[in-house]
Amino acid sequence: MNEMATADGGAPRRRGGRPAEGQPVIDRAFLLLGSFDGDHRAQTLAELAQRSGIPRSSALRLARSLMNVGALERLGDGRFVVGLRLLETASLAPRGHGLRSVAMPFMEDLFHVTRQHVLLAVRDQGEALLVERLSARDASPVRYRVGGRLPLASTGVGLVLLAFAPPAVQEQAIAAYAPEHDDDIRTPADLRRVLAEVRRGDHAVGHQNRPWKVSTVAAPVRDGSEVVAALSVVAPGTGSPNPGYGPAVRATARAISRRLVEDGGRTMPVEAAYGHR
C-alpha cells in the first residue's frame with residue numbers, strides 16, 4: 001500500500017477545468033488556494049495562474065484580495081505563500097484540531113512505544129486527510145505532511161476510512177480503482193475483499209516497496225458507533241508489521257474512542273464534525 005505517495009506531491013486536485021465564465025469568486029479563490037501543496041509552498045503569479053487554471057489578470061486580483069484578508073502573504077522576491085489567517089481559521093476545524101486535542105495524549109503514548117510514524121486521518125470526500133503525525137527522528141523517510149491528503153484505497157488509514165464509509169462512497173471507490181504497478185490490491189474485486197476483511201478484523205495492514213520499504217497497521221477511531229478517524233503506525237520493512245504494533249494501534253484507537261464518548265461532544269460538536277461528505 002502506498003501510505004506516503006500522494007500526500008503532498010504532484011499537481012493540485014482540480015475539480016473541473018478552467019473556471020467557467022461567471023463562476024463564483026469564492027470558488028475561484030479556493031482554486032487559487034488549492035494550487036499550494038507541499039511541493040509548491042511559494043509560487044509566482046505565473047505559477048498561481050497555471051496551476052489553478054485562472055487567467056493571470058484574474059489570479060492577480062484574487063491574490064491581492066486574499067492578501068488583504070491575510071489568507072495569502074507575499075515574500076520579498078514577489079512569490080505568494082499561504083497566510084497565517086488560514087492557520088488561525090483552520091485551527092477551529094472540529095474534525096482537525098478538536099479531534100487532535102483528544103487523540104494527542106494517546107498518540108504520544110503510542111509513539112513512545114513504537115518510535116515510528118504515528119498518523120491520525122479523517123475522510124474528506126474521496127481522500128484521507130492527515131490531521132496529525134508524530135515521527136521519530138530516525139524513522140523511515142516519508143512524504144506526507146499534516147494537512148496533506150492520501151488515497152483511500154492504497155493506504156492503511158485510507159482503507160480503514162473507506163471500509164467504514166457509506167456504501168455509496170465504497171462503491172464509487174471500488175468502481176474507479178486503478179492500482180499502481182506494485183500495489184497489493186490488483187483489481188476492484190480485490191479491493192472489495194480487502195474492505196470486508198478490514199471490517200471483520202477491525203484493522204488494516206499492508207506494505208509498500210517504493211520509494212521506501214515500509215509496513216503499516218491502522219485501526220478505526222469511533223465516536224459511539226460511527227467511525228470518525230483512522231489511526232496508524234508506519235514503520236520500515238516489508239511483509240507484516242511488527243507483531244506488537246497491531247495490538248498497540250488497536251488499543252490506542254479504542255482508548256481515543258472511549259475518550260470521545262466520555263467527552264460527550266464537549267470537545268467538538270459531533271453533528272458538525274462528522275457530517276462526512
Side-chain angles (χ1 to χ4, degrees), residues 1-17 34 37-39 95 117 119-131 133 142-145 147-222 226-235 237-241 246 249-250 253 274-277:
M1 289 184 291
N2 188 7
E3 188 76 51
M4 64 185 69
T6 60
D8 63 359
R13 289 157 296 280
R14 290 176 50 195
R15 295 167 175 84
D37 60 29
D39 292 330
R95 284 208 294 145
H117 301 289
L119 311 183
L120 182 69
V122 299
R123 184 176 63 82
D124 184 40
Q125 300 187 60
E127 297 172 300
L129 178 68
L130 193 64
V131 297
R133 162 189 151 191
V142 294
R143 290 185 58 194
Y144 43 66
R145 60 182 175 86
R149 293 175 179 268
L150 300 93
L152 290 179
S154 57
T155 63
V157 289
L159 284 172
V160 166
L161 294 169
L162 184 57
F164 294 98
V169 174
Q170 295 183 38
E171 292 303 322
Q172 183 178 14
I174 291 170
Y177 182 67
E180 299 290 338
H181 74 276
D182 59 349
D183 281 349
D184 295 335
I185 303 172
R186 301 306 305 164
T187 68
D190 289 339
L191 177 57
R192 188 183 300 277
R193 173 183 53 77
V194 168
L195 295 179
E197 291 174 352
V198 171
R199 287 188 291 271
R200 284 195 298 270
D202 214 36
H203 71 283
V205 296
H207 69 273
Q208 74 169 73
N209 294 319
R210 65 181 183 89
W212 302 283
K213 294 182 178 181
V214 297
S215 59
T216 180
V217 57
V221 173
R222 294 178 168 87
E226 184 174 6
V227 171
V228 297
L231 178 76
S232 76
V233 166
V234 179
T238 58
S240 299
V249 172
R250 293 194 294 272
Y274 306 134
H276 297 320
R277 293 173 288 172

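FYI, side chains are in, hydrogens and waters are out, and symmetry mates aren't considered; it's all heavy atoms of this structure.
- Across all non-hydrogen atoms, the minimal contact from Arg123 to Pro166 is NH2-CD, 3.5 Å.
- Here the straight-line distance linking atom CG of Leu161 with atom OG1 of Thr155 works out to 7.5 Å at 0.5 Å rounding.
- Side chains of Val249 and Ser232 form no contact here, defined as non-hydrogen atoms less than 4.5 Å apart.
- Considering all non-hydrogen atoms of both residues, Val157 and Ala128 come closest at CG2-CB, 4.5 Å.
- For the pair Val160/His203, no side-chain contact is recorded, criterion being any heavy-atom separation below 4.5 Å from C-beta on.
- Listed here is the closest heavy atom pair of Pro188 and Ile174: CB-O, 3.4 Å.
- For the pair Asp202/Arg222, a side-chain contact is recorded, criterion being any heavy-atom separation below 4.5 Å from C-beta on.
- By the 4.5 Å heavy-atom criterion applied to side chains, Tyr177 and Leu152 are not counted as neighbours.
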* To do: Check the pair Leu159 / Leu195 against side-chain contact (heavy atoms from CB on, under 4.5 Å), numbers first and verdict last.
  => CA-CA 7 Å; Leu159 284 172; Leu195 295 179; 3.9 Å; yes
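- Evaluation of the side-chain hydrogen bond (donor to acceptor under 3.5 Å, both in side chains) rule for Gln172 yields no partner, not counting sequence neighbours.
- Using modelled atom types, no side-chain atom of Ser215 and backbone atom of Gly206 make a donor-acceptor pair closer than 3.5 Å.
- Shortest non-hydrogen contact noted between Ala229 and Leu120 is CB-CD1, 4.1 Å.
- With sequence neighbours excluded, no residue forms a side-chain hydrogen bond (donor to acceptor under 3.5 Å, both in side chains) with Arg250.
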